[in-house]
Each structure stands twice: as C-alpha cells, then as structure tokens.
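In what follows, chains are A, B, ... by sequence order, proteins preceding strands, each numbered from 1.
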Amino acid sequence: MSQTHEPDVQPFESVVIRFAGDSGDGMQITGNQFTHTAAVIGNDLATFPDYPSEIRAPAGTRPGVSGFQVRFSSSDIHTPGDQPDVLVAMNPAALVVNLKDLRAGGIVVVNTGQFTDADLKKAALERNPLLDGSLKGYRVLEIDINKRVAEALASTGLSAKEVQRCKNFYTLGLMYWLYSRPLDTTLKWLEEKFAKRPELAEANKLAMQAGYNAGDIHEFFHGRYEVLPCKSLPKGTYRNVMGNDATAMGLVAGAQLAGLQIFLGSYPITPASGILEALAGYKEHGVLTFQAEDEIAAICSALGASYAGCLGITTTSGPGMALKTEALGLAVGTELPLVIVNVQRGGPSTGLPTKTEQADLLQALFGRNGEAPIPVLAASSPADAFECAVEACRIAVQYMTPVILLTDGSIANGAEPWRVPELSELTPFPAKFLERAPEGGFLPFSRNERLARPWARPGTPALEHRIGGIERANLTGHISYEPENHELMCKLRAQKVQGVRDSIPTPEVFGDERGELLVLGWGSTFGAIRSAVEELRKQGRAVSALHLRHIWPLPNGLDEIFANFRAVLVPEMNLGQLVRLLRSEYTQHNFLSYTKVQGQPFRTSELTRKILAILEQ
Amino acid sequence: MATNTTLTKKDFKSDQDVRWCPGCGDYAILNCVQGVMAQLGVPRHQLCFVSGIGCSSRFPYYMNTYGFHTIHGRATAFATGIKAANPELSVWVVTGDGDGLSIGGNHMAHILRRNVDVKILLFNNEIYGLTKGQYSPTSPQGKKTKTSPMGSVDRPFDPVSFALGCGATFVARTIDTHQKHMEQVLLAAAAHKGCAFVEIYQNCVIFNDGAFETITEKTVREDHTVDLRPGEPLVFGKEHDKGIRIDSWEPRICAAGEAELWRADHPSPGAAFVMAQMDSHPELPRPIGIFRDVSVPTFDSGLHEQIRRARSARGPGSLEKLLHFGETWTVS
C-alpha cells in the first residue's frame with residue numbers, strides 16, 4: 001500500500017506501545033507482527049514480552065494477562081522503554097494490571113466489548129474503571145472491538161468463536177493506521193501462517209483492514225503519527241532477531257567456524273526451549289538435535305557427543321542448570337569442549353519461569369563440587385547473543401573446556417534489529433583432531449601452548465584411550481590417586497581457564513575514561529545502563545559505563561579502568577552477585593551494589609535516579 | 001569395518017592392572033568380553049566402552065579400546081550421544097543393578113525405548129558393592145544389609161521384565177560363571193542391530209556371595225535353568241528330559257517332547273514376559289538366554305536419515321542464507 005503523507009501526520013522520535021490482553025488473546029502475535037513491520041520499515045526497536053507461566057490462566061483474570069511491549073524509534077535505542085505511550089487493553093484485567101505503567105497523557109485503547117459486569121468480576125473489580133475516573137489524565141479510546149470484528153467478519157461464515165479470535169488483528173490494524181505503518185508484512189505473514197486454512201488468513205486480513213479503516217473513518221484520534229527509519233545505526237544489512245534465535249544461529253555459525261557438527265542435547269524448559277526448537281529446524285546444516293528424557297541426559301549425551309568428535313551443546317534454564325551440575329564437573333575433568341546455554345529466569349527452584357533474572361551467575365561460576373573452573377560469558381541483548389554464542393564455541397574448542405553462556409528471559413524473547421555479519425567478518429577457529437600418535441607416543445593429557453589437551457576421537461586408529469571422572473594422571477590420563485598429581489591437575493585446569501583472558505579484549509569504556517562514577521553491567525542490564533548513562537552524560541554528569549561480556553575469566557585491564565573512577569556502581573537483577581566477585585578480585589576499589597529482583601528488567605529512570613543520588617552524595 | 005590383522009583376546013587387554021576383589025565375577029565377564037571382541041572383526045579403534053559408577057563401571061579402563069568412565073547412572077545417556085555423533089562406532093555400555101536400574105533407571109528406560117544401537121551389559125549382583133554392601137533395586141525383599149538390618153522392605157526389579165516393558169528390541173540373560181553361554185549371548189547381542197540389553201548374573205564375593213548359587217552352581221545349573229534359544233524347544237535338565245510349555249499364560253514343566261518351541265522374534269513380547277515371570281517361581285527353572293530379538297529401525301539411523309532428507313530437499317545448509325533469513329533492510 002502507498003504511504004500517505006497527509007498534513008496531520010506528526011513525526012515522533014520514539015514510541016512505546018504495549019498490547020495487553022488475555023493469554024489466549026494473541027497479544028504476543030500482535031506484538032511480534034508490529035515489531036516485524038517496524039523492523040522492515042527500518043526503525044530501531046526493542047521489545048519486552050511479558051506473559052504468565054500458565055498457558056491459559058482463567059480467562060479474564062489478572063494472572064492471565066499477557067503483555068507485549070514494543071518500542072520503535074528513528075534514533076538508536078537500547079531498551080523497550082520505561083513507560084508505554086499507548087496501552088491497548090483487551091479486557092478489564094489487562095487495563096488494571098498495566099495502567100500504572102502508562103505515561104501521563106498516554107493513549108489507552110479499550111475494548112469495551114469485554115467490559116460486562118461478568119468481565120469486571122473476573123478481573124476482581126468492584127467498579128468499572130471506564131466510569132470511575134481511573135482513566136483521568138489519559139486519552140481514552142473506547143471501541144467495542146468484539147462487535148466491530150463480528151460486523152467486519154459477518155460474511156465469512158466462520159463461527160462466532162473463530163471470529164472473536166481475530167480481535168487482535170483489529171487492534172493491530174488500528175495501531176498500523178495510527179503510526180502510518182504498511183500492512184504488507186503482516187498480510188504476507190498471514191498467508192504463510194494460514195496457508196492450509198486460507199479462510200482464517202482472509203478473516204484476520206479483514207479484521208486488520210477493519211481496524212485500519214476505523215482509524216480513518218471514525219476519527220478516534222486527532223491525527224496520525226509516524227516514526228521515521230533510524231539512520232544512525234551502523235551501515236549494513238539488518239534483520240529483526242529474537243535472542244533465542246540469535247543464540248541458535250550463533251551456535252550454528254560457531255560450529256561451522258570450528259568445522260564441527262553440532263550435537264544438541266536438550267530438554268524443553270521455559271524460556272530456553274526456543275533454542276532447541278530453532279536448532280531442530282536446521283537439519284540441512286547437519287545439526288543433530290536430541291530431545292533427551294531429562295536435563296541430565298541432555299548434558300551427558302552432549303558430552304558423549306563431544307568425546308566422539310561433535311561440538312556438544314546443551315541449552316537450559318536455572319532449574320535445569322542445577323540438574324546438569326555433576327556432568328559439568330565431568331566435562332571439566334575430562335577436558336572436552338561443551339557449550340552450555342543457561343537462559344536465566346526467576347529463581348530459586350521453579351521461581352518465576354516466564355520472568356527474567358540474573359541470579360544464576362554465582363551458580364555458573366562456582367556451582368560445582370571440587371575445583372571446577374569454567375569460562376562464563378553473558379549476552380547483553382538479543383542480537384549480542386549471536387556473537388556470544390560464537391565466542392562460547394571458540395573458547396570451548398580452543399581450550400578444550402566447557403563454557404557457560406548466560407542469557408535471560410528478556411533476551412530470549414526480546415527482539416531488536418541485528419546487523420547481519422558478513423561471513424568474512426567471522427574468524428574461523430578450526431578444531432584440530434589428533435589423527436595419529438605423535439613421536440614418543442600418544443599422551444591424552446599432554447597440553448599445547450593454551451594448556452589444552454589433544455582431542456582424539458574414537459574411531460581414530462592407534463589412539464585408543466580411556467578417560468573418566470576419576471582424577472587423571474598428568475600426561476597419560478590413567479587413573480591416579482597421587483596427592484601431588486591431583487593438586488597439579490587442579491592447578492593446570494585453573495591455569496588453562498585463566499589463560500582464556502589472553503584471548504579476550506579489554507572492554508571499552510562508554511564515555512570518559514575518567515570520572516566520578518563508572519556503571520558496570522553484565523547481561524541484559526546493558527540497555528538500561530547505557531540509556532541512563534547517555535541521558536546523564538547529556539546533562540553533563542561525570543558518569544561512564546562499562547559492560548562485561550566475559551565474566552570468567554575477567555578480562556585484563558579492569559583494574560586500571562576502575563582506578564580512574566571514584567566508585568563503580570554494579571546494577572544487577574539479583575541480590576548482588578557480580579559485585580561479590582569484583583570485591584574479591586579487585587579489593588582496592590569502591591564497588592556499590594544496586595539490585596532488583598522483581599522478575600522485571602531495570603527501567604532507565606530507576607538507574608538515572610540511583611546514579612544521581614550517588615553523584616549528589 | 002574389517003581389518004587385515006586378526007585380533008586375539010590379548011589385544012583387548014589394556015595396560016592397566018585389574019583391581020576387582022579376588023574371586024569377583026567381573027573377571028570372568030571381562031575375560032569373556034575380551035574374547036568376544038576378538039571374534040567380532042571390529043577393529044579396536046571402532047569400539048567404545050562406556051560406563052557409569054560402581055564396581056562394574058571400572059570395566060572400560062581394562063579394555064584396550066576407546067573408553068569413557070562417566071557418572072553414576074548416566075552411561076546410557078553418554079552412549080546415546082557417542083553413537084549419535086558417530087554411528088560407525090560399536091558402543092558398549094557396562095553398568096550394574098544400582099547404576100543401571102536405580103540412579104540410572106530413567107536413562108535405561110529411554111535408551112531401550114529409543115532403540116539406540118548400543119549394547120548394554122548389566123552386571124546384576126543384587127547388592128551395592130562399591131559402597132560396601134547396601135541393598136540394591138534387585139535385592140530380594142527381606143534382604144538384610146547394612147542399610148536394611150531388619151530386611152529390605154523394597155520389592156525388587158526384575159531387569160528382564162523392566163527391559164521388556166521398555167520395549168527393548170533385544171533382551172537376554174546370562175551367568176558370569178557360564179563362559180560358553182555368555183559368549184553365545186554376547187555374540188547374539190553384538191549381531192543385533194539395535195539396543196541390546198544383557199543381564200549378567202554376577203557374583204559379589206564380598207558382600208553378596210552365593211546370591212545365585214542355587215541356580216548357577218555347576219552341579220545344579222542344568223536342572224535349575226532353562227536356556228531360551230530361538231528356534232529350539234524349551235528343554236532343560238541334565239538328561240534333557242524336561243521342558244517348559246506355556247499353558248493359559250502360565251509357564252509349566254512338561255516332558256521334553258511337549259516343550260514350547262522358543263521364538264524371540266514374536267511381534268508380541270507376551271511369551272517373553274511369561275518366561276520372565278518364572279523368576280518368582282522357585283519350583284521352575286530360571287530362564288537364561290535370549291528372551292527377545294526383534295528388528296526395529298534404530299534411533300541413530302533415524303536421526304541421520306533426517307539430516308540426509310533435509311539436505312536432499314533443501315540442499316546443504318548455507319550459513320549466509322540462514323543469517324539473512326526473512327525480511328532484511330539496509331542502512332547505508
């Protein structure tokens with residue numbers, strides 16, 4: 001369709017929309033479609049899906065509310081935004097749960113068709129928020145979407161239930177109209193999605209068109225808005241990517257750069273299942289996926305596959321990580337490459353399965369019996385998960401070690417534009433299998449300059465050897481209970497992992513190299529920290545930011561960076577885990593902890609307030 | 001994978017000292033396995049022995065092949081990964097009643113139902129040996145051990161019934177002291193394309209000596225066991241005069257001439273289950289030999305077949321295409 005440029009189209013730099021409804025209302029699809037269209041237009045964007053762990057909590061209740069927040073912008077952004085500018089509420093529960101987040105003066109689109117007394121009761125509301133003044137100070141748009149969709153789809157012959165399932169596309173059409181978006185990306189998606197049910201594709205198209213036309217016809221709004229493409233992103237080809245998909249692609253790329261076949265042993269768990277699902281679809285890349293009977297079999301099969309010459313990978317989330325602990329120790333002891341992805345969620349135990357948290361850091365660093373050091377990396381955003389997955393493969397293969405990659409729920413399901421790397425930008429790190437016994441005989445636990453041991457695959461003549469969980473004698477790998485040998489092997493394994501730091505860069509400070517306060521982050525807090533520091537620097541504050549990708553071993557040069565600031569603030573979505581590590585590793589610096597464990601990411605405004613409070617002390 | 005050189009039993013002995021207790025049944029099993037390996041015609045580098053934890057699990061260290069001594073109960077999961085990564089390998093799991101049926105029971109069930117082409121040797125001594133004598137999931141009810149001073153209240157597993165229930169495609173039982181029988185059973189297991197489960201009655205000389213004596217002792221063995229040989233009648237006894245027939249789903253002793261003709265490849269595992277039930281009837285001989293041997297596609301071949309199919313339908317995967325999948329836009 002042609003882009004209209006009517007005089008009343010007002011440009012905005014950045015807009016945040018939150019779609020909220022019942023978990024069966026299709027809000028995640030709606031949000032994803034809006035995101036996809038924004039990506040194709042060329043906006044910078046960030047998303048925050050927030051949904052309950054129940055697949056279908058009782059309809060209309062507050063625990064059943066599913067939300068999808070998308071921020072799209074003509075400038076470079078790092079977070080999905082603190083406060084929505086627009087809230088689309090499909091029922092009373094969605095309205096009351098989300099209204100507190102809406103910015104003052106923001107737009108609320110309410111589906112009045114779902115505001116009967118029964119609906120209010122389901123949402124535990126004694127009074128109707130549309131009538132009791134709750135919406136004062138907002139621009140409210142009341143539409144009976146149930147009725148409008150029923151009218152628009154009257155001639156389709158679909159059942160009333162099927163018709164009502166198209167409501168989300170009505171709201172999508174309305175938002176497309178309001179922000180001057182083309183419909184074609186979603187139209188194409190509907191055709192592909194419902195290729196086998198063309199009547200449903202048609203119905204959803206009609207609903208979307210009806211919503212779009214409603215903007216024109218009914219003059220609900222005072223005018224339309226637009227958010228122009230973002231031109232400040234680095235040059236290149238972009239696509240929209242979600243964190244789990246970026247992780248999966250990074251693993252495929254990493255294995256290819258190593259010249260290895262992937263074996264993924266995994267067990268479905270929220271929010272990590274998406275990686276297994278994605279990799280299961282990459283069979284033409286030679287990816288072997290094994291949906292194991294449990295988390296333990298998942299990692300054990302992966303380690304077995306690594307022993308046999310594949311790149312063994314396992315993906316999980318917190319509780320699954322706990323179950324994998326013993327096998328991690330074996331991977332450390334047998335010195336085989338293995339990549340473990342932990343998509344962190346709220347813990348402990350089952351905790352908050354669909355919510356985000358960073359509380360598995362100390363588990364990743366120390367959660368094993370014995371001296372069992374493992375390199376640990378963390379991705380900072382959905383797109384960064386690609387590079388981190390490649391990096392995890394590199395370290396695993398070059399150092400013959402398990403590597404833990406931490407992402408989290410907000411990265412896994414969040415989306416952002418990703419500059420697709422040219423293949424020439426990716427440096428290969430080919431795995432080298434020992435093919436014959438070296439002169440003087442084969443020693444399975446001899447070491448190269450990185451202290452990595454040789455990788456001799458079963459199937460290779462003359463290299464038959466045995467490995468296992470009992471301490472291995474230096475060089476030969478035979479069972480050894482010798483006290484000195486055990487200490488030597490513990491030290492060698494630790495030194496090898498420490499040596500990884502010689503292959504990683506010192507992270508760059510964002511802002512001045514010297515100042516009052518350095519805000520140090522890891523993982524998905526990157527966006528909020530960067531946004532807060534950018535904002536405060538614009539106000540002339542002496543604050544800088546630093547982000548860690550490699551958490552163990554810590555990169556070289558941090559000591560010197562920290563020395564240039566009076567204090568280092570460490571915001572984390574846990575009760576202060578990285579800060580403990582930093583305090584023990586860099587005893588002479590002043591680390592301040594700022595924590596949040598609500599299953600929700602930091603807001604930029606929370607960080608700016610905290611930073612200002614410190615600066616003004 | 002034939003080789004030019006003929007291998008002997010000696011070629012499969014590793015340079016490590018064998019450290020089981022003197023008189024342990026494991027020695028006899030190791031000896032037999034080494035002999036069987038020499039007969040298989042599989043080169044040493046294509047053989048991989050995988051174990052968990054327990055006395056039996058030291059086994060790989062004593063085999064001059066590839067070997068992986070893993071963690072308690074998980075050998076079958078490791079073996080699944082190894083076989084999936086390289087289906088050319090001949091992969092053998094060595095486990096025990098505790099390792100394979102207690103801590104590793106879950107993985108055992110799943111490797112059997114998936115029919116991963118791996119051979120599993122379960123050394124059953126009805127006791128925890130490495131931890132010095134606690135009752136195991138195959139110890140008989142009432143068994144007095146260090147952790148069951150008044151006798152175990154647990155009802156035991158029958159490994160054969162367990163494997164049959166999991167849909168195992170090859171199930172057999174043999175005895176540590178019966179080298180000839182063990183050799184035949186192991187050769188049949190090796191010849192089976194798919195997951196082979198072999199329970200081996202193994203005597204723990206220290207903590208459960210004589211557990212199977214009434215069945216396996218040489219002077220009584222022929223009268224107290226019946227060998228399930230596919231295609232042959234279920235005849236037993238020193239004089240080969242007795243037989244077993246199945247009568248209304250019950251095994252009964254009969255004259256040799258009336259004995260049931262044993263079939264291990266019947267579409268239904270029903271008869272195999274009836275045989276397995278004989279364990280709980282002391283008046284009946286204990287069945288050994290091959291309970292089940294059916295042909296079913298293996299997990300590992302299915303896994304690789306899907307890769308071949310995907311590649312022939314979509315071509316070999318291109319990383320560039322993968323990264324650019326879906327709609328893209330350019331910032332210039």
**OP:** Measure B:F299 against the heavy atoms of chain A and call it side chain, backbone, both or neither at under 4.5 Å.
**Re:** side chain
Subject >> Part of A:E293 within contact of chain B (heavy atom distance under 4.5 Å) >> reply: both
Original post:
Rounded to the nearest 0.5 Å, how far apart are CD1 of B:I307 and NE2 of A:H285?
Top reply: 10.5 Å
Subject >> Option that, when pairs with chain A are counted at under 4.5 Å, heavy atom only, ranks first among B:L319, B:L47, B:D15, B:T330 >> reply: B:L319
**OP:** Sort A:A302 into side chain, backbone, both or neither according to what part of it lies under 4.5 angstrom from a heavy atom of chain B.
**Re:** neither
**OP:** Tell me, for A:V287 versus chain B, whether the close heavy atoms (under 4.5 Å) come from the side chain, the backbone, both or neither.
**Re:** backbone
Original post:
At a heavy-atom separation under 4.5 Å, does A:E326 approach chain B through its side chain, its backbone, both, or neither?
Top reply: both
Original post:
Quick one: what part of A:A246 sits under 4.5 Å from any heavy atom of chain B, side chain, backbone, both or neither?
Top reply: neither
**OP:** Please look at A:F290 and chain B and tell me whether the side chain, the backbone, both or neither of the residue comes under 4.5 angstrom of a heavy atom of that chain.
**Re:** side chain
Original post:
Counting only N and O atoms by type, is there a donor-acceptor contact under 3.5 Å from the side chain of B:R311 to the main-chain atoms of A:E284?
Top reply: yes
**OP:** Could you tell me whether the side chain of B:Y61 and the main chain of A:H478 form a donor-acceptor pair under 3.5 Å?
**Re:** no
Subject >> Evaluation steps, side-chain contact (heavy atoms from CB on, under 4.5 Å), between B:Y66 and A:L463 >> reply: CA-CA 8 Å; B:Y66 282 92; A:L463 297 182; 3.2 Å; yes
Subject >> chain B contact via A:L336 - which portion, at a heavy-atom distance below 4.5 Å >> reply: side chain
Subject >> Region of A:I299 in contact with chain B, defined by heavy-atom distances below 4.5 Å >> reply: neither
Original post:
Quick one: of B:R309, B:E320, B:M63, B:Q16, who has the most non-hydrogen atom pairs under 4.5 Å with chain A?
Top reply: B:Q16
**OP:** Pick one of side chain, backbone, both or neither for A:I467, based on which atoms fall under 4.5 Å of a heavy atom in chain B.
**Re:** both
Original post:
A:P229 versus chain B, heavy atoms under 4.5 Å apart: side chain, backbone, both or neither?
Top reply: neither
Subject >> B:R58 portion near chain A, given a 4.5 angstrom heavy-atom threshold >> reply: side chain
Original post:
Using non-hydrogen atoms only, which part of A:R457 is less than 4.5 Å away from chain B: side chain, backbone, both, or neither?
Top reply: backbone
Original post:
With only heavy atoms counted, which part of B:S332 is less than 4.5 Å from chain A, the side chain, the backbone, both or neither?
Top reply: backbone
Subject >> Which atoms of A:V420 approach chain B - backbone, side chain, both or neither, heavy atom under 4.5 Å >> reply: side chain
**OP:** Would you check if the side chain of A:Y307 reaches a backbone N or O of B:G67 as a donor-acceptor pair within less than 3.5 Å?
**Re:** yes
Original post:
In terms of heavy-atom proximity below 4.5 Å to chain B, should A:A327 be classed as side chain, backbone, both, or neither?
Top reply: both
**OP:** Sort A:S232 into side chain, backbone, both or neither according to what part of it lies under 4.5 angstrom from a heavy atom of chain B.
**Re:** neither
